[in-house]
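This is a predicted model, so every value here is computed, not measured. In what follows, chains are A, B, ... by sequence order, proteins preceding strands, each numbered from 1. Computed over heavy atoms, backbone and side chain alike; hydrogens, waters and symmetry mates excluded.
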2 protein chains.
Amino acid sequence: MHNNPTAAVLLIGNEILSGRTQDLNLRYIASKLSSIGVRLCECRVISDNRNAIIDALNTLRKSHTYVFTTGGIGPTHDDITAQCVADAFDVPLCQHPEAVRLLSDYFSRRNVEANEARMRMANVPDGGVLIDNPVSVAPGFRIDNVFVMAGVPKIMQSMFENILPALERGAALLSVSVVCNLPEGDLSAPLADLQEKYLSVDLGSYPGKHQTDIPQVALVGRGSDHQKLREVTVALRALVADLGGEVIEVTDV
Amino acid sequence: MHNNPTAAVLLIGNEILSGRTQDLNLRYIASKLSSIGVRLCECRVISDNRNAIIDALNTLRKSHTYVFTTGGIGPTHDDITAQCVADAFDVPLCQHPEAVRLLSDYFSRRNVEANEARMRMANVPDGGVLIDNPVSVAPGFRIDNVFVMAGVPKIMQSMFENILPALERGAALLSVSVVCNLPEGDLSAPLADLQEKYLSVDLGSYPGKHQTDIPQVALVGRGSDHQKLREVTVALRALVADLGGEVIEVTDV
């Protein structure tokens with residue numbers, strides 16, 4: 001249908017799979033990619049395990065225009081992402097001269113010892129290009145179609161802002177939504193009819209508040225065609241009115 | 001090392017990959033599984049796409065003791081999970097008599113039409129066993145080692161509570177943590193030494209507050225051996241003290 005670039009996200013970290021940490025990175029990356037028309041097709045969450053990282057990376061990088069990883073690039077022993085990326089690409093892990101300079105300057109300004117552990121953060125797979133980290137200096141890197149970023153959301157976001165301009169763009173994935181007070185079971189048939197009429201728009205239905213007995217359902221249309229999305233918004237409003245429901249909120253393009 | 005059951009989570013829904021919805025199900029399931037000693041090895045997030053669902057399901061169910069899916073079992077056209085699970089297992093999708101009874105009773109009590117869309121929620125792959133839904137009645141189901149649950153967190157949680165007793169248990173994954181005011185770069189070497197000494201405990205280091213210039217790092221040990229975890233807690237406290245740091249918070253087993 002269209003030739004939008006595609007992407008996968010790879011979240012690396014035992015802390016997500018143990019339930020310790022609530023991931024916040026997927027949604028951030030997903031929103032940003034939608035806005036520039038890169039289709040996020042899948043996300044995988046894996047542990048800090050060498051084979052798991054290499055396998056997932058080699059599968060995903062062959063299937064998508066881009067792969068974005070988060071996590072595992074700090075100075076401690078459980079930070080093994082850079083080495084695994086090097087191994088996945090079958091290239092050596094090398095000290096990156098610019099990363100060494102950035103980190104050395106930063107540590108000396110802050111009177112912090114540039115010890116072996118800290119300088120490990122200057123290691124990048126051969127051929128990798130640095131991704132700037134305005135928050136805490138230690139850089140991420142890009143190699144081929146893989147972008148390797150920190151796991152701390154604030155740092156990841158600052159890195160992502162820096163790589164955004166370099167990404168190939170597709171038609172932005174836009175969304176419209178009509179929130180109403182009808183139950184999904186009443187909306188289902190007319191919504192399916194509407195979906196058949198607008199094949200270029202993905203229609204979804206998302207029940208909200210279950211605290212009260214009043215149903216609240218968001219009818220969402222996603223696509224890249226402004227005109228079609230506007231038509232869908234009008235049609236969704238009409239659909240709700242026809243069923244005797246009330247429109248609570250509308251978000252149009 | 002141990003024969004703990006393993007698991008994968010499969011989150012199904014365009015709304016997560018578009019950035020519309022912040023997933024809250026993974027962390028909930030992860031925490032519950034940790035507490036009963038089921039090792040969550042991976043999570044995948046995919047869209048409401050037939051091939052994506054079937055492929056992921058068939059890969060994951062062969063690799064793990066259990067697979068838990070969330071999303072796509074409501075009454076609307078984009079709810080295709082039940083059909084996809086049936087296709088993955090190569091069995092027909094059938095009306096489940098008990099589900100029909102539950103839903104019919106519920107709709108008649110609430111004076112809601114038991115229309116075709118609503119009664120679709122009684123469809124279960126042949127051989128599937130219902131998972132009770134105390135929140136909104138429409139059941140999930142289990143087939144073989146796959147548990148199919150709703151995507152709405154409150155409903156998913158109530159379903160998960162009902163399947164928990166049926167799950168095989170392993171040694172609970174416990175964690176201890178020592179939060180301190182030292183930077184990771186100082187902690188790295190002694191932490192790596194400690195990791196070598198306690199191979200049955202996974203040691204991780206997680207930087208926290210980046211708002212201020214004072215570092216805050218959580219040193220976390222995960223494992224199933226109470227005694228070793230207690231020793232690790234003592235060792236982590238000593239490690240922080242040796243480096244001249246302060247312990248801010250301790251969580252022991």
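Interface summary for chain A: among B:A30, B:A114, B:G185, B:A218, the most heavy-atom pairs under 4.5 angstrom belong to B:G185. Between chain A and the options B:R20, B:K32, B:E113, heavy-atom pairs under 4.5 Å are most frequent for B:R20. The choice from B:P183, B:G19, B:G204 that makes the most heavy-atom pairs within less than 4.5 Å of chain A is B:G19. Counting heavy-atom pairs closer than 4.5 Å to chain A, the top-ranked of the candidates B:S35, B:G74, B:S175, B:C41 is B:C41. Interface summary for chain B: among A:N14, A:V9, A:T76, A:D78, the most heavy-atom pairs under 4.5 angstrom belong to A:T76. With respect to chain B, the highest number of heavy-atom pairs below 4.5 Å among A:T21, A:L11, A:D202 belongs to A:T21. Comparing A:Q195, A:E42, A:R222 by how many heavy-atom pairs each has under 4.5 Å with chain B, the most go to A:R222. By number of non-hydrogen pairs under 4.5 angstrom with chain B, the leading residue of A:L24, A:D23, A:V45, A:D48 is A:V45. Contact tally against chain A (heavy-atom pairs below 4.5 Å) for B:S47, B:C43, B:S31: the top residue is B:C43. When B:M119, B:R27, B:R120 are compared by the number of non-hydrogen pairs under 4.5 Å with chain A, B:R27 comes out ahead. Your options are A:D79, A:I29, A:I46, A:N115, and the one with the most heavy-atom pairs under 4.5 Å with chain B is A:N115.
Residue B:V112: no heavy atom, backbone or side chain, is found under 4.5 Å from chain A. Contacts of B:L191 with chain A are made by both backbone and side-chain atoms, with heavy-atom separations under 4.5 Å. Neither the backbone nor the side chain of B:N49 comes within contact range of chain A; no heavy atom of the residue lies under 4.5 Å from a heavy atom of that chain. With a threshold of 4.5 angstrom between heavy atoms, B:L187 does not approach chain A through any atom at all. Looking at B:S34, the atoms closer than 4.5 Å to chain A (heavy atoms on both sides) all sit in the side chain, from C-beta outward. With a threshold of 4.5 angstrom between heavy atoms, A:L26 approaches chain B through side-chain atoms but not through N, CA, C or O. Contact of B:F107 with chain A is not made at all, since no heavy-atom distance falls under 4.5 Å. In this structure, chain A has heavy atoms under 4.5 Å from both the backbone and the side chain of B:E184. In this structure, chain A has heavy atoms under 4.5 Å from both the backbone and the side chain of B:I16. For A:Y206, the part lying near chain B is the side chain, with the backbone staying farther off; criterion is any non-hydrogen pair under 4.5 Å. Neither the backbone nor the side chain of B:L33 comes within less than 4.5 Å of any heavy atom in chain A.
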Next item on the list: Let me see the working for A:R39 and B:S18 under side chain to side chain donor-acceptor pair (under 3.5 Å), right down to the final yes or no.
Entry: CA-CA 8 Å; A:R39 296 290 177 269; B:S18 74; over 6 Å; no

Next item on the list: Test side chain to side chain contact (heavy atoms under 4.5 Å, CB included) on A:V38 and A:T65 and set out the steps.
Entry: CA-CA 9 Å; A:V38 176; A:T65 317; 6.0 Å; no

Notebook entry, point to check: Checking side chain to side chain contact (heavy atoms under 4.5 Å, CB included) for the pair A:L229/A:V201: CA distance, chi angles, key distance, verdict?
Noted result: CA-CA 7 Å; A:L229 285 169; A:V201 176; 3.8 Å; yes

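Side-chain contact between B:V179 and B:V217: absent, with no pair of heavy atoms (C-beta onward) separated by less than 4.5 Å. A 4.5 Å side-chain heavy-atom check between B:I73 and B:M159 finds at least one atom pair inside the cut-off. Proximity of A:L167 to A:P5: side-chain heavy atoms (C-beta onward) are nowhere separated by under 4.5 Å. Here the side chains of B:L239 and B:L194 are in contact, with some heavy-atom distance below 4.5 Å. Residues B:L60 and B:L10 form a side-chain contact, since some pair of their non-hydrogen atoms from C-beta on lies under 4.5 Å apart.
Sparse packing is recorded around CD of B:E116, with 12 or fewer heavy atoms of other residues, nucleotides or ligands lying under 6.0 Å away.
A:Q157 contributes atom CD, which lies 11.0 Å from atom OG1 of A:T70 (distance to the nearest 0.5 angstrom). A distance of 9.0 Å separates CE of A:M121 from CG of A:N133, quoted to the nearest 0.5 Å. To the nearest 0.5 angstrom, A:S200 atom OG is 5.0 Å from A:D225 atom CG.
Electrostatic pairing of B:D186 and A:R118 counts as a salt bridge here, judged by a charged N lying under 4.0 Å from a carboxylate O.
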